[in-house]
Amino acid sequence: MPESSLVKDICSSSIECRPSPLRQSSQSSLPLHRNYMLSTFCTEKNVQECLSHISQEVSSLGLPPVWMESGGSSEMNVVAVLNCIYDLIQLHRRGLRTLENMEVEQLKSSSNLDYLQLTSTQLKEQLELSKRENTGLLERERQLQLKVKSLQNCLKNEKEEVQKLQNIIASRASQYNHEMKRKEREFNKLRERLNQLLVDKKEKKQAIDVLNNIGRADGKRSLWKTEKTEAKHEGEMYKTLLSDYDIRQRELLLENAELKKVLQQMKKDMVSILSSKKPTLKDDQHQDDDIQADLEEEVFDSSKESVELYCVHAREKLTNSIRLQWRRLKSHVERLDNQGSLHVIGRSKNTDAVSRETHEEEMDRLKLEIQQCKDFIQTQHQLLQQQLSSPYDEEKASLLSDCYMLQEKERFRDEWKTLEEQRKIFERERRNFTEAAIRLSHERKAFEDDRATWLKHQFLNLSPFADSNKPQMSKSKSAFLISSAPEKLIKRPSDTTSPTPRCVPLTSPSTAELYPTLCLVPENRYSV
Amino acid sequence: MNFSEVFKQSNQLCKVSPDGKYLATCVQYRLVVRDVSTLQILQLYTCLDQISHMDWSSDSLFILCAMYKRGLVQVWSLEQPDWHCKIDEGSIGLVSSRWSPDGRHILNTTEFHLRVTVWSLCTKAVSYIKYPKACQKGIDFSRDGCYMALAERRDCKDYVSVFVCDDWHLLRHFETETQDLAGLEWSPNGCVLAVWDSCLEYKVLLYSLDGRLLSTYSAYEWSLGVKSVTWSPSSQFLAIGSYDEKVRILNHITWKKIAQFEHIATINNTKAVVYKEVEKRPAVGSDDLSLHNITIGTTLFNTQSKYEICPPPVQVPVVKPDPDRANPKIGVSTLAFSSDSRYLATKNDNMASVVWVWDMQKMSLLAVLEQTSAVRCFQWDPRRPRLALCTGNTKLYLWSPAGCVSVQVPTEGGFQVQSLNWHCCGETLILLGKDQLCLCDDEKIGGNTPLQILNFTC
C-alpha cells in the first residue's frame with residue numbers, strides 16, 4: 001500500500017531523523033540533560049539513594065538488578081550497569097519502534113477513516129438522490145393513476161354514449177324499415193291496381209248525381225276568377241295578418257305599461273324605505289346625496305309624459321336606477337341582518353331563549369292541534385265511508401237504525417207508561433162516574449116516582465091525613481140523602497130547558513156532561 | 001246525472017250537429033238523425049253500403065256519408081229529406097272524404113293519395129289538387145273557414161299550398177324545410193301555420209299566413225322526435241309532445257320554449273294532487289251466487305270505484321315498450337288544452353293509465369289521475385274547465401279543479417265506454433261503446449251532482 005509505504009518512509013525518515021537529533025543532542029543536549037538530570041536527580045550526597053532508586057526502577061522494569069546491597073560498598077557493578085544501560089537502550093529502541101509502528105498504524109487508520117468518511121458522504125448523497133428520485137417516481141405514479149381513472153370514466157361515458165347512439169340507430173332503423181315496408185306494400189297495391197285497370201275494360205268514370213243544385217252558404221253568387229279577385233284575396237290575407245299583429249302589439253303595449261308602472265312603484269317604495277332608514281345608518285353621507293338625487297329625479301320623471309318612457313334611453317335609465325336601488329336595499333338589509341345577529345349575541349340569553357322557546361312551544365302546540373283536527377276529520381271521514389259502504393246486515397241495521405233515538409225512546413216509553421196508568425185510573429173513575437150517574441138516574445127516577453106518588457097522595461089525600469107518605473118519605477129521604485145535590489141540579493136543568501122529570505134517559509151520559517151536572521171539579525187533572 | 005237509454009251505432013260514428021240540435025248516428029248502412037233533447041228519431045236515411053265516415057256540414061243542414069269500399073259519397077239534406085246527392089269516384093277509389101268549411105264543397109282524397117277532388121254541390125263543378133301528401137295530418141282548415149293548408153310532396157320535397165276556400169284559389173305555395181312532413185295545423189287565430197316533421201327528426205316550423213318562415217324549433221337531434229302537436233285555444237301557446245316523454249311549450253311572441261313538462265315515474269311534487277282510482281268489490285255472500293243473481297246482477301261484476309288522494313312520493317306504473325318495434329308506445333301522444341287555455345291534459349304512452357293535468361298559469365303540474373286500466377279517451381268540456389275521460393270500462397270519470405268523480409254508467413249488460421264527446425254546450429256527454437251509444441246529461445251547472453258512488457275530494 002502506497003500509504004503504508006509512505007508512512008513507513010516517513011517513519012524510517014523519522015527514525016533516521018530521530019537518532020540524528022538524538023546524536024546531536026547526545027553531545028550537546030546530553031550534557032545539558034545530564035546536567036539537568038544530575039542537578040536534579042543525583043548529587044554526590046544522595047548516590048546511595050539514587051542507586052537504590054535506580055535499581056528499584058530497573059528491577060521494576062524486569063531487568064537484573066544493578067546494585068546489590070550486600071556488596072557493602074557503594075561501588076556499582078559496572079557490567080551490570082552497562083547491561084542495564086544496554087537493556088534500557090534496547091527497551092528504548094523497542095519502545096521507539098513500537099511507537100513508530102503505532103504512529104504508522106494511526107496514520108493508516110486515520111487515512112482509512114478519511115476514506116470511509118468520504119465514501120460515507122458520497123453514499124449519503126447517493127441515498128438522498130435516490131430518495132428524491134423515488135418520491136418523484138411515486139408522484140408520477142400517482143398522477144398516472146389519476147389519469148387512468150379519468151380515462152376510465154371517459155371510457156365509460158363514451159361507452160354509454162355509444163350505447164345510446166346504438167339505441168337511437170336501432171330505433172331509427174326499425175322506423176325506416178317500417179316505412180319501407182309500408183311504402184312497398186303501397187307500391188304493390190298500386191301495381192295491382194294498375195294491372196287491374198289495364199285489364200278492366202269497363203272504366204268507371206267519376207260522376208256526381210245531385211237532385212238539384214243548392215245555393216251557396218252565404219247566399220251570394222260566385223264570382224269569376226279574375227285578377228281582381230286574386231288581389232282581393234291577397235288583400236284580405238294581409239288584412240288578417242295585420243289585424244292579428246295589431247292586436248298583439250296592443251296587448252304587448254298594455255303589458256309593457258303595466259310592468260313599467262310596477263317598476264316605478266317598486267322604485268318609489270325602495271327609495272322611500274331607504275330614505276326612511278336614513279337616521280339609523282351611520283355611514284351614508286353619499287347615500288343621502290344619492291337619495292336626494294333620486295327624489296329629484298322622481299319629481300322630474302313624474303312631470304314627464306309617460307310617452308317619453310318609451311324611448312330606449314328612458315327605459316335603460318329606469319332599469320338602471322331600479323338595479324341601483326335594489327342593490328342598495330340589499331346591502332341595507334344585509335347590514336340590518338348583521339346588526340340584528342350582533343344584537344342577538346349581545347343580548348342576555350334568557351330573553352332570547354325564552355322568546356325562541358315560547359315560539360317553539362307555540363309552534364308545537366299549533367302542530368299538535370292541527371294533527372288532532374286532521375285525525376278527527378280522518379275518523380269522521382272513515383266513519384262516514386263505513387256508513388255508506390258497509391254491507392247490509394239486518395240485525396245490525398235494525399239495532400243501529402234507532403241508535404240515536406234510544407234515549408228519547410226510553411223517555412217516551414216511561415211517559416207512555418205513566419200515561420197508560422193515568423188512563424187506567426181515568427177509565428176507572430169514568431166507570432165509577434158512569435155507575436154513579438146510572439145510580440143517580442135510577443135514584444132520580446125513584447125520587448120522581450116517589451114525588452109523583454107523594455103528590456098523587458097529597459092530591460088524592462087533600463085531607464089532613466099524612467100517614468101513608470112516611471114510607472115514601474123515608475124512601476125519598478134516603479133518596480134525598482144521596483140526591484141532595486140532584487135537587488139542585490134538577491132545578492138547574494129546569495132553568496135551562498130540559499125537563500128532566502119527564503123522561504130520564506137510561507143511557508149513561510158521558511163523563512163530560514156529568515162533571516158540570518155533578519158540580520164536581522175533577523180533582524185529578526192531568527196536564528200532559 | 002241522467003243517463004239516456006242505449007242506442008245502437010256502428011263504427012263509432014256518432015256526431016252532434018254544429019248548432020247542437022241534432023245527433024246523427026250510423027247503424028251499418030243507415031243514418032239516424034235524432035233530436036238531442038228528446039232523442040226522438042227525426043230522420044232516417046239509407047245508404048248504399050256500410051258507412052265508413054259521416055260528418056255534418058258547418059251549417060248543420062247536410063250530412064255526408066262516405067263508403068270507402070264502394071268509392072261512394074252520399075249527401076243527405078235535413079231540410080228536404082227527398083233531396084239526394086251521390087258522388088261516385090269510380091275506379092280511382094276513395095280514401096277520405098270531408099266537407100269544406102262553407103258546407104257546399106266536398107273534398108275527396110282518392111286512393112293512393114293520387115289527387116284531391118273538390119266537388120261543388122252548388123255548381124256540380126270539379127277541381128283537382130295534385131300531389132297531396134299521405135301523412136298523419138295533410139289537410140287543415142283555418143278556424144274561420146277562410147283558408148285551407150294542404151301538404152304536398154313533389155320530387156322528394158315537401159311543399160305547403162294555401163288555398164282560399166271561397167273559390168279554391170291558390171294563395172301561396174312554398175317549400176318547407178322538413179325531411180318528411182308529418183302534419184300541419186293552423187293556429188286558432190288563423191295567422192300562423194305550424195308544420196312538423198316525422199318522428200325521425202325533431203323539427204317544428206312556424207309559417208305565417210303569407211308563407212314566410214317565422215321560426216324553427218328543434219329540441220334535440222337523432223332521437224325520435226315529435227309525437228303530437230296542439231295549439232292552445234287562445235293561440236298563445238303551442239304544445240309539442242315528443243318521444244322523450246316531455247312536453248315543450250312555445251310562446252307565440254318569440255316562438256321559443258318557455259316551459260318543459262316532464263312525465264317522471266316518481267312524483268315528488270307536493271303541490272300536485274295525485275288521484276288514484278281504487279276499486280271496491282261489493283261483498284258477496286255465498287248464498288247470492290245463485291244462477292238467478294248472476295244472470296241479472298250486473299252489479300256483481302260492476303265493481304264500484306272511487307278516488308283516493310295519495311301523498312307524495314307516488315310511483316306511477318310504467319310499461320317499457322318493445323325497443324325493436326317501430327312507433328314505440330312511449331312518449332306524449334295526446335295533448336289537450338282546456339277551452340280557457342288554463343289547463344293542459346297530457347297522456348304519456350308508457351304510462352298509459354295516467355292522465356296528467358298541468359296548470360298553464362303557474363306552468364307546473366296540477367293533478368295526476370291514475371286509473372286502473374289504460375286511458376282510452378279524454379276531452380275537455382267546451383264551456384268550462386272540466387275533463388271527462390274513459391278507460392274502456394263501465395265508468396265515466398270527471399275531473400275539475402274542485403275534485404274528481406267516478407260515475408258508473410247505469411246500463412244493463414255492461415256498457416263499455418270506449419270514447420266520448422262533449423256536446424258543444426258542455427252539458428251533455430256522448431258516450432260511445434263498441435256498438436252502442438249513450439247520452440249523459442248533467443242537470444246542475446258545475447257538475448255537483450248526486451252520484452252513485454261519490455267521492456268528492458278537495
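Convention: sequence-line order gives letters A, B, ...; per-chain numbering from 1.
- Looking at B:Glu111, only its side chain comes within 4.5 Å of chain A, counting heavy atoms on both sides.
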Kindly indicate, with the supporting measurements, whether the criterion salt bridge (Lys or Arg N to Asp or Glu O under 4.0 Å) is fulfilled by A:Glu186 and A:Lys183. CA-CA 5 Å; A:Glu186 197 161 329; A:Lys183 289 217 178 340; over 6 Å; no
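- Judged as a ring-ring contact (aromatic ring centres under 6.0 Å, His included), the pairs with a partner in residues 232-270 of chain A (not counting sequence neighbours) are, in order, A:His233-B:His169.
- Using a 4.5 Å cut-off between heavy atoms, A:Lys189 contacts chain B through both its backbone and its side chain.
- Both the backbone and the side chain of A:Ile208 have a heavy atom closer than 4.5 Å to some heavy atom of chain B.
- In terms of non-hydrogen atom pairs under 4.5 Å with chain B, the most contact-rich of A:Thr240, A:Leu190, A:Leu165, A:Ile169 is A:Leu190.
- When each of B:Leu200, B:Leu171, B:Thr117 is checked for heavy-atom pairs under 4.5 Å with chain A, B:Leu200 comes out on top.
- With a 4.5 Å cut-off on non-hydrogen atoms, B:His105 does not touch chain A at all.
- Distance check, rounded to the nearest 0.5 Å: NE2 of B:His252 to CG of A:Asp244 gives 8.0 Å.
- Comment: B:Asp88 does not engage B:Arg70 in a salt bridge, judged by the lack of any side-chain N to carboxylate O separation of less than 4.0 angstrom.
- Contacts between B:Arg172 and chain A at a heavy-atom distance below 4.5 Å involve the side chain alone, from C-beta outward.
- Residue B:Phe62 touches chain A through its side chain alone, counting heavy-atom pairs closer than 4.5 Å.
- Your options are B:Asp180, B:Val126, B:Asn189, B:Leu114, and the one with the most heavy-atom pairs under 4.5 Å with chain A is B:Asn189.
- Counted within 6.0 Å of CD on B:Glu79, heavy atoms from surrounding residues, nucleotides or ligands total 12 or fewer; the atom is thus considered open.
- With a 4.5 angstrom heavy-atom cutoff, A:Glu230 touches chain B via backbone and side-chain atoms both.
- Neither side chain, B:Gln179 nor B:Asp197, offers a donor N or O lying under 3.5 Å from an acceptor on the other.
- Only the side chain of B:Trp119 comes within contact range of chain A, with at least one heavy atom under 4.5 Å from a heavy atom of that chain.
- Using a 4.0 Å cut-off between charged side-chain N and carboxylate O, B:Arg212 and B:Asp210 make a salt bridge.
- Side-chain N/O atoms of A:Ser171 and A:Ser174 include no donor and acceptor closer than 3.5 Å.
- Looking at A:Arg365 and A:Glu369, a side-chain N of the basic residue comes within less than 4.0 Å of a carboxylate O on the acidic one, giving a salt bridge.
- Chain A forms more heavy-atom pairs under 4.5 Å with one residue of B:Ser208, B:Cys85, B:Ser198 than with any other, namely B:Cys85.
- Heavy-atom distances place the side chain of B:Cys199, and not its backbone, under 4.5 Å from chain A.
- By number of non-hydrogen pairs under 4.5 angstrom with chain B, the leading residue of A:Met237, A:His178, A:Arg248 is A:Met237.
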